[in-house]
Amino acid sequence: MSQLIGLVPGPGRGFEIAQTVVQMTTSVALARGDVVQCTMDANGEYSTCTGAGAGSASFTAATYTDATLLLTKTGAFASLVPAPRFTPIAITGGSYVHATRTITKVGAFASYTLNTTDRFYCASGTGATVGASHVVATRVSDDAITLASPGLGAGADGVSDIAGTLTSVNNTTRLYITGGTAITVGVVAVVAKISDDAVAISADIGSGASDVAFTILDNQLMRGHFAVAKHDMAANAKGEFYLSGRVYAYTRNSADAAIGRGNLYFPTSAKDLDSGLAAGGLNAKFVAEAIDTAAVSTTATRALRLVNFNGLVDFGGTYAGVA
Amino acid sequence: MPNEIISTVSAVGDTFEASQTEVLLTAVATFSKGECVLCVLDSDGRYTTCVAPTAASLGTVASAICSNGTFGIILEDVIGTATVPATARVCVRGQVQAIVLSTSDASLVQDGHLVPNTSKQLEYDLTGLFNMKLVGQVTASVTGGGGATSTPTLRTVFFNGREGFGRFGGTAS
């Protein structure tokens, strides 16, 4: 019989989440209540841990180009390996008919299966609107696809020099846009990695700026196992961690919104639990629910608060978004 | 005695089945066998009472914040009031009889997933229910039409109101 994390009956009626305490060696210094990510070794065992999402990286002074939905920052995307739904299909010399918004290239789309979130990133073409905002509407044949309105534009009607890449929105590679002049803050997906210096993003975040700040979100935050430090500990020290139970952990709401009882938290790269989904985005793993509440405008700064935590099994799965 | 989660027990032969987790909760309303209830989280972090699921408890996202509850299935009829609370036997996990419907009267397919609704039922029709917590699985297929599945009916399901079976993320188009 297998047994993971238990529930225990409380005094009288009711029940609660049982505490599970394990020992691990931490690679970073920790304070009581810090949230860490358990590291699996070659034997499939978790004996060490790191700060949750330690691989996240933040940048400032990036340039956003509205017309092409490109985010540019020298060297920022060198380590980024997008994992699209299918191998991107690059074409050159494609023809375009604007009346039906059809791109034609013999044999180019033979292996393609339609998903209407897919995009055609138009790199160049006479009279064409370049950029990543061209949503694919239909797969006509092995040779042709159509784009959703407005397409590449009437100015490109009849041309035969369309170059670009058909790719999928990659929701597992995400950027958290944190600021910039007239920039919409929130999580966007990387549609295509253009180079080590530029990516095309999934949503329009403004009319163009050169002071954009962003963080490449660590995908491990969506799939790891997490724990809460039971006490302060130095780097490379062995200590005790809660895998589950009613515990005090560092929590916040990155939007400075109120925290209500039962609100779900996901782990962050700053060793916190955050209830603000704009910072976590799709597939954020819910590992805790709020017991302690906090008023609006008091939650942007991390604080120790009581939560029900379960870093292994989570609370109902990952965030699936809204209709 | 500690209960268990996601525990499995061996049945006859090479197979397994989910084990049962039952709890006692305070009921301040009347509930019938098979109704799905919300286990209310108190300020101590314990679940001590049960109520009809609220809209906010189902996984709805509001202002970029998500909540969802821990759910259970009433195992026998109970009559409670605010002044005279009763004790409800509630199944949090396991194979249990719950009130199931498909609003669209679609056929129930074995292993299909179910979400709770505010009418204390398990709903099979997931249209528009993004991010809702999946808490049940159909154990026997039922052909729809003519009200066969749109009528709320006690049916045997696999239930997990604590961890659930993931969330509904929509359909690929």
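In what follows, every chain begins at residue 1, and chains take the letters A, B, ... in the order their sequences are listed.
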Check whether any side-chain heavy atom of A/Tyr265 sits under 4.5 Å from a side-chain heavy atom of A/Glu289, and report yes or no.
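They are not in side-chain contact.
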Does the side chain of A/Leu166 come within less than 4.5 Å of A/Val136's, by heavy atoms?
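In short, these two side chains touch, coming nearer than 4.5 Å.
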Would you mind checking which part of [X] comes under 4.5 Å of any heavy atom in chain A, side chain (CB onward), backbone (N, CA, C, O), both or neither?
X: B/Thr60; result: neither
X: B/Ser63; result: neither
X: B/Cys50; result: neither
X: B/Asp42; result: backbone

[X] versus chain B, heavy atoms under 4.5 Å apart: side chain, backbone, both or neither?
X: A/Phe286; answer: side chain
X: A/Asn308; answer: side chain
X: A/Ala255; answer: neither

Assign the ring pair B/Phe130 / B/Phe168 to parallel, tilted or perpendicular, where the plane angle (0 to 90°) is split at 30° and 60°.
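Taking B/Phe168 first and then B/Phe130, their aromatic rings sit tilted (interplane angle of 30° to 60°).
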Do you know which of A/Gly260, A/Gly317, A/Ala290 has the most heavy-atom pairs with chain B at a distance under 4.5 angstrom?
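Top count of heavy-atom pairs under 4.5 Å with chain B: A/Gly317.
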Between A/Asp292, A/Thr293, A/Leu264, A/Ile291, which shows the greatest number of heavy-atom pairs under 4.5 Å with chain B?
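When all of A/Asp292, A/Thr293, A/Leu264, A/Ile291 are compared, A/Leu264 has the most.
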Distance-only polar pair, side chains of [X] and [Y], donor-acceptor under 3.5 Å:
X: A/Arg305; Y: A/Thr251; answer: yes
X: B/Arg162; Y: A/Asn310; answer: no
X: B/Thr143; Y: B/Ser107; answer: no

Going by the side chain to side chain contact (heavy atoms under 4.5 Å, CB included) test, name the single residue among B/Leu25, B/Leu75, B/Leu24, B/Thr21 that passes it with B/Val90.
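Among B/Leu25, B/Leu75, B/Leu24, B/Thr21, the one that satisfies the side chain to side chain contact (heavy atoms under 4.5 Å, CB included) with B/Val90 is B/Leu25.
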Nearest heavy-atom neighbours spanning A/Arg246 and A/Glu16:
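For A/Arg246 and A/Glu16, the tightest heavy-atom pair comes out as NH2-OE2, 3.7 Å.
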Leading residue by heavy atom contact count with chain A [cutoff under 4.5 Å; candidates B/Thr87, B/Thr49, B/Thr70]
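Of B/Thr87, B/Thr49, B/Thr70, B/Thr87 has the most heavy-atom pairs under 4.5 Å with chain A.
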Return the option, out of B/Gly69, B/Cys66, B/Gly166, with the maximum number of heavy-atom pairs under 4.5 Å with chain A.
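The candidate making the most pairs under 4.5 Å is B/Cys66.
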